[in-house]
S.K.: 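What follows is a structure written as structure tokens; I'll ask about it next.
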Amino acid sequence: SKGIIALSAMAGLLILVFRAEVTALIPLFAIGAFTSFTLSQAGMVVHWLRHRERGWVGSMGLNGFGAAATFVVTLVIAVSKFASGAWIVLVVIPVLVAVFGRIRHHYRFAAAAATPAAHDLAACAKHEDEARNAVVVLVKSLDRRAIAAVHAARRVAGDSLTALHVDIRGDGAADSLRAEWERCGFGFPLVVIDSPFREMIDPVVEYVRSIERGERDTVTVVMSEFSPANRLEIALHAQTTMWLGWSLSAEPGVVTVNVPYHFHD
């Protein structure tokens, strides 16, 4: 959603700068389009060289010719329309590629930093003192963020401690998570809710509402979140915890606990 908003803002800025003149905007589109054609055709050439499937020589020649032709067109447009605004694309594309590469590095580092070791899982399986409270701990995947959230949940949990996973992927990952959860022996159940429309907040709110309170007047929802050292990198992570906290704050008798997982890129 952040990318769509940023793209819309940049598109609107271009329309304002070029006063919505189609003839002035066409070179920008053409360079981007033919650059994409060139890269895709060149990528297919690499594909044929690596896999060498049946008829790969002819296919590689055809894709190579396409890459060369579209590259020539890209150069012609870039040179002839450089002063008319084509320079913007020639500058923006390399900058965007560099930014995307940095973002990719951050996501990979974040995933690696959260990958649990054997001692992390073993420590999490130990039962700690339980308090009087009904606690739901949200688990996206069994990583170090989830382990930190489980530790926090045990400190405030009473006789009702439940892990909750919302399956927004539907590709079998939830089954793998359930099996791993049972194998680790955490000692309390993992509830999986299917969400075919990739909705995260409403299923959690509905589950919390469905909890039989009995004499309990409080339900604590424990959520984990990435907390990178660089504050600017926070925007690279979905703020689901923040939105979910706002939604749950409207529910009577519900307390939310955010457990940040700190890491350095």
Side-chain angles (χ1 to χ4, degrees), residues 1-9 107 110 114 124 128-171 173-174 177-178 181 186-263:
S1 58
K2 299 185 186 74
I4 294 174
I5 293 174
L7 182 62
S8 301
Y107 282 136
C124 191
E128 300 178 5
D129 294 336
E130 297 178 343
R132 298 177 180 178
N133 198 3
V135 178
V136 177
V137 55
L138 301 186
V139 177
K140 182 179 180 181
S141 60
L142 197 51
D143 55 18
R144 287 180 174 174
R145 290 176 299 168
I147 292 173
V150 168
H151 280 306
R154 288 195 186 280
R155 295 187 181 97
V156 296
D159 58 351
S160 178
L161 175 57
T162 304
L164 178 64
H165 172 75
V166 180
D167 184 12
I168 62 175
R169 297 170 58 180
D171 58 356
L177 175 62
R178 188 185 288 107
W181 187 270
F186 289 149
F188 59 96
L190 171 69
V191 176
V192 177
I193 301 177
D194 293 327
S195 181
F197 299 107
R198 299 181 62 85
E199 176 60 42
M200 181 73 179
I201 296 177
D202 287 345
V204 174
V205 174
E206 291 299 324
Y207 178 82
V208 171
R209 289 174 179 171
S210 69
I211 295 177
E212 294 291 338
R213 304 282 181 94
E215 297 180 355
R216 303 186 190 94
D217 57 1
T218 301
V219 174
T220 301
V221 180
V222 181
M223 303 173 288
S224 61
E225 60 183 353
F226 271 127
S227 182
N230 187 346
R231 297 290 94 183
L232 295 177
E233 294 176 344
I234 293 178
L236 301 180
H237 298 275
Q239 304 301 315
T240 306
T241 301
M242 178 184 68
W243 296 110
L244 185 55
W246 285 354
S247 298
L248 290 173
S249 64
E251 299 296 318
V254 176
V255 177
T256 59
V257 176
N258 292 355
V259 182
Y261 178 75
H262 300 278
F263 67 97

S.K.: Which atom pairs, one a donor and one an acceptor, fall under 3.5 Å between side chains of residues 198-205 and the rest of the protein, sequence neighbours left out?
M.R.:
unit_1 : atom_1 : unit_2 : atom_2 : d
E199   : OE2    : I201   : N      : 3.2
E199   : OE2    : D202   : N      : 3.4

S.K.: When you look at F186 and V137, which way does the side-chain contact (heavy atoms from CB on, under 4.5 Å) test go after all the steps?
M.R.: CA-CA 12 Å; F186 289 149; V137 55; over 6 Å; no
S.K.: Excluding sequence neighbours, so at least two apart, what forms salt bridge (Lys or Arg N to Asp or Glu O under 4.0 Å) with D167?
M.R.: none
S.K.: How many angstroms lie between atom CG of L138 and atom OG1 of T240, to the nearest 0.5 angstrom?
M.R.: 10.5 Å
S.K.: I'd like to check the ring pair (Phe, Tyr, Trp, His ring centres under 6.0 Å) partners of F226; sequence neighbours left out, ordered by chain and number.
M.R.: H237, F263
S.K.: When V135 is tested against each of T162, T220, V219, T218 for side-chain contact (heavy atoms from CB on, under 4.5 Å), which residue passes?
M.R.: T220
S.K.: Please give me the minimum heavy-atom distance between L161 and F188, naming the atom from each residue.
M.R.: O-CB, 3.3 Å
S.K.: Minimum heavy-atom separation for W181 and P189, please, with both atom names.
M.R.: NE1-C, 4.1 Å
S.K.: Salt bridge (charged side-chain N to carboxylate O under 4.0 Å, His left out): which pairs involve residues 254-263, sequence neighbours left out?
M.R.: none
S.K.: Got a second to check how far L248's CG is from M223's CE, nearest 0.5 Å?
M.R.: 6.0 Å
S.K.: Give, for atom CZ of R145 and atom NE2 of H262, the distance between the pair rounded to the nearest 0.5 Å.
M.R.: 13.5 Å
S.K.: Do L177 and V192 come within less than 4.5 Å of each other through their side chains, counting heavy atoms only?
M.R.: no
S.K.: Tell me every residue that passes side-chain contact (heavy atoms from CB on, under 4.5 Å) with V259, counting only those two or more places apart in sequence or in another chain.
M.R.: A148, A152, V222, V257
S.K.: Residues in side-chain contact (heavy atoms from CB on, under 4.5 Å) with A146, at least two apart?
M.R.: V139, D143
S.K.: Listed by chain and number, what are the side-chain hydrogen bond (donor to acceptor under 3.5 Å, both in side chains) partners of D171, not counting sequence neighbours?
M.R.: R169
S.K.: Quick one: which residue pairs count as a side chain to side chain donor-acceptor pair (under 3.5 Å) with a foot in residues 242-254, not counting sequence neighbours?
M.R.: R209-E251
